[in-house]
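For reference, the structure discussed in these notes is given below.
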Amino acid sequence: MATIKAVRGTRDLLPPETALWNHVEATARSVFARYGFGEIRTPLFEATELFARGVGEETDIVSKEMYTWEDRGRAESDRGQSLTLRPENTAGVVRAYIEHKLSDSGMLEKLFYIGPQFRRERPQRGRYRQFWQIGAEVLGPPWSGSDSALRDAEVLEMLATLLDELGIKGWRLALNSVGSADDRKRYSEALRQALAPVKHLMCEDNQRRAETNPLRVLDSKDPNDQEIINGLPKIADFLDEASREHFEQVKAALDACGVPYTVEPRLVRGLDYYTRTTFEFTVPDGSGLGTQNALLGGGRYDGLSEMLGGPRAPGIGFAIGEDRLILTLQAQAAEQEQKKLDAFIAPMGVGQNPGALRLARELRRAGLTVEVGDGNFRLKKSFEAADKLARKMVIFGEDEAATGILTVKDFSVGEQAKVPRTELVSFLKS
RNA sequence: GCGGCUAUAGUUCAGUGGCAGAACGCCGCUCUGUGGCAGCGGAUGUCGUGGGUUCGAACCCCACUAGCCGCCCCA
């Protein structure tokens with residue numbers, strides 16, 4: 001019979017790798033907590049319209065990468081509603097922000113999330129159809145200071161701290177400003193005009209973008225088109241005074257914190273909702289990501305809440321590709337040392353199994369990590385298993401059961417000791 | 001969605017038309033309270049799936065599926 005396998009672009013995460021995932025998530029939670037973020041969990045699927053309006057109809061994500069289906073609910077109102085597995089989480093967070101009237105507190109909201117997202121793309125290294133993102137959003141009514149450049153810098157500084165604490169080496173922060181919604185519109189129009197007479201010289205994709213979303217022409221890596229792209233108007237010349245000042249303040253705060261960055265005038269994120277600050281953290285070649293060298297991306301979205309029918313609520317956020325973060329850590333880490341158990345108990349003969357399990361219970365209740373062998377195992381087999389799994393092995397036979405003096409082998413030094421049961425916990429911890 | 005490469009044991013791979021292989025790992029024995037070394041022995045398997053060519057296919061051809069790499073795009 002044909003075996004059933006994980007579907008294309010999805011995968012199982014198994015031990016010991018899951019330990020690394022937990023470590024990454026625990027580190028992120030710890031850093032977020034220090035900056036005053038609370039966790040939000042939004043549904044894995046939402047109304048398709050949310051992404052169409054929030055992320056943008058013309059983005060690749062919405063136009064060709066979503067898992068969308070029609071609901072077959074029993075209620076008339078459910079039937080036929082178009083639903084979609086979330087391809088990213090910012091739109092969902094802002095939807096929840098509006099739905100629960102979080103802006104009524106007048107306070108800045110700082111929310112983080114960790115969870116799977118779904119995009120129907122061709123799988124590749126560091127790109128899966130179910131992938132995990134660790135993200136955070138800072139948003140609130142304008143009077144909460146949510147549009148302040150201080151928040152942009154704080155988020156970027158937090159990310160630098162997180163990557164440092166995780167031990168990511170050689171990360172690079174690329175920074176840009178795409179201005180206000182108006183600036184963006186004017187710039188977009190200027191690009192369209194500048195492209196009109198030359199676009200026929202460009203690749204097919206760029207010709208299409210020149211019409212639908214000229215900003216994304218800047219992202220193009222097509223080598224033949226670079227000359228034209230370099231000659232296009234620069235976004236910096238279209239920023240209004242307020243956006244220019246905002247960008248200057250972001251940079252000044254980063255300088256003050258000693259966070260290094262490079263201004264990339266052509267960094268225009270692909271999602272429609274971005275305004276002003278946009279950024280991306282990348283890692284050097286050879287960090288395990290192939291050409292997918294962006295670890296995380298994000299930016300400011302001052303108009304998103306209104307686009308979704310909510311109150312004015314400027315915000316800034318980011319999403320870390322957790323799968324890519326893990327790949328980078330695995331590539332950068334010298335052979336990840338596998339965590340060993342504190343002890344392996346080797347019962348000598350099946351008659352000792354009950355006593356051995358009881359001993360294991362005591363040790364586990366004392367907080368030790370313990371595996372129990374089996375009295376059926378020959379001693380040699382116990383040794384081999386114990387050496388793989390644990391730092392020490394406790395021999396539990398008739399003598400030990402009778403005298404309460406246990407024989408303990410320490411694999412790290414290869415020495416053996418007799419330890420009274422009352423001192424066993426502290427001996428094993430040492 | 002487009003292009004290239006690949007698919008053989010648990011793993012890494014060899015095998016280019018004639019008996020399905022190696023290394024590592026695994027299991028057993030030497031060896032029933034002291035392992036890691038060594039010696040001996042054992043099991044590895046729909047050769048990705050389906051079809052075709054051939055006396056004969058892991059090998060050649062076609063299709064499909066999956067994985068990897070790149071493009072597009074993005075985290």
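Quick note on labels: first sequence line is chain A, next is B, and so on, each numbered from 1. Predicted model, so just to flag it, every value in this text is computed and none were measured.
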Donor-acceptor pair under 3.5 Å, Lys409(A) side chain vs G35(B) base: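 Check passes, donor-acceptor contact within cut-off.
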
N/O donor-acceptor pair, side chain Glu400(A) with base G33(B), under 3.5 angstrom: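 For Glu400(A), whose side chain was compared with the base of G33(B), there is a donor-acceptor pair (under 3.5 Å).
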
ring-ring contact (aromatic ring centres under 6.0 Å, His included), paired with Phe45(A), selected from Phe51(A), Trp69(A), Phe118(A):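 Only match with Phe45(A) under ring-ring contact (aromatic ring centres under 6.0 Å, His included): Trp69(A).
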
Looking at [N], which nucleotide sits across from it as a Watson-Crick or G-U wobble partner, both distances under 3.5 angstrom, or is there none?
| N | answer |
| --- | --- |
| C64(B) | G48(B) |
| C24(B) | G10(B) |
| G70(B) | C2(B) |
| G56(B) | none |
| G33(B) | none |

Centroid separation Phe238(A) to Tyr187(A) less than 6.0 Å: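 Between Phe238(A) and Tyr187(A), the centre distance is under 6.0 Å.
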
Close aromatic pair by centroid cut-off 6.0 Å: Phe32(A) and Phe112(A):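 Aromatic pair counts; centres sit under 6.0 Å.
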
Pi-cation contact, Phe427(A) with Lys392(A) (under 6.0 Å, within 45°):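 Here Lys392(A) passes the 6.0 Å and 45° test against Phe427(A).
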
Between [M] and [N], how far apart are the [atom1] atoms? Round to whole Å, please.
| N | M | atom1 | result |
| --- | --- | --- | --- |
| G35(B) | U49(B) | C1' | 45 Å |
| C68(B) | U12(B) | P | 13 Å |
| U44(B) | A7(B) | P | 24 Å |
| G18(B) | C60(B) | C1' | 15 Å |
| G4(B) | C40(B) | P | 50 Å |
| U11(B) | G48(B) | P | 13 Å |

Reckon [X] has a side-chain N or O less than 4.0 Å from the OP1 or OP2 of [N]?
| X | N | result |
| --- | --- | --- |
| Gln124(A) | G70(B) | yes |
| Arg8(A) | G67(B) | yes |
| Arg125(A) | C69(B) | yes |
| Arg324(A) | C74(B) | no |

Touch class at under 4.0 angstrom, heavy-atom based, for [X] against every strand present:
| X | result |
| --- | --- |
| Arg11(A) | nothing |
| Gly9(A) | sugar-phosphate |
| Gln117(A) | nothing |
| Glu121(A) | base |
| Glu280(A) | nothing |
| Ser382(A) | nothing |
| Gly297(A) | sugar-phosphate |
| Phe318(A) | nothing |
| Leu296(A) | sugar-phosphate |
| Gly135(A) | nothing |
| Leu295(A) | sugar-phosphate |

Roughly, in whole Å, what's the span from [atom1] in [X] to [atom2] in [N]?
| X | N | atom1 | atom2 | value |
| --- | --- | --- | --- | --- |
| Leu14(A) | G10(B) | CG | P | 16 Å |
| Asn376(A) | C27(B) | CG | P | 15 Å |
| Lys381(A) | C26(B) | NZ | P | 11 Å |
| Lys392(A) | G35(B) | NZ | C1' | 18 Å |
| Leu329(A) | A75(B) | CG | P | 20 Å |
| Leu325(A) | C74(B) | CG | P | 21 Å |
| Asp323(A) | C68(B) | CG | C1' | 16 Å |
| Ile395(A) | U32(B) | CD1 | P | 16 Å |

Face-to-face stacking of Phe383(A) with G36(B), centres under 5.5 angstrom, angle under 30°: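 Whether judged by distance or by angle, Phe383(A) falls short somewhere, so it does not stack on the base of G36(B).
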
Positive for side chain to side chain donor-acceptor pair (under 3.5 Å) with Arg300(A), one of Thr278(A), Thr277(A), Asp152(A):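 Looking at Thr278(A), Thr277(A), Asp152(A), the match for Arg300(A) under the side chain to side chain donor-acceptor pair (under 3.5 Å) is Asp152(A).
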
Could you tell me whether [X] and [Y] have a side-chain N and a carboxylate O separated by less than 4.0 Å?
| X | Y | value |
| --- | --- | --- |
| Arg391(A) | Asp410(A) | no |
| Glu362(A) | Arg358(A) | yes |
| Arg192(A) | Glu189(A) | yes |
| Arg151(A) | Glu154(A) | yes |

Nucleotide of C31(B), U34(B), A75(B) approaching Leu379(A) most closely (side-chain heavy atoms):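 Within the option list, the nearest is U34(B).
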
Asp399(A), nearest nucleotide to its side chain (from G36(B), G33(B), A75(B)):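 So the side chain of Asp399(A) is nearest to G33(B).
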
Could you go over nucleotides 2-6 of chain B and give all protein N or O partners under 3.5 Å, atom names and distances?
from  : atom 1 : to        : atom 2 : distance (Å)
C2(B) : N4     : Arg122(A) : NH1    : 3.3

Residues Tyr35(A) and Glu157(A): side-chain donor-acceptor under 3.5 angstrom: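 On atom types as modelled, these side chains qualify, holding a pair under 3.5 Å.
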
Under 3.5 Å side-chain donor-acceptor pair for Thr161(A) and Asp164(A):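 Checked: Thr161(A)/Asp164(A) side chains show no N/O donor-acceptor pair below 3.5 Å.
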
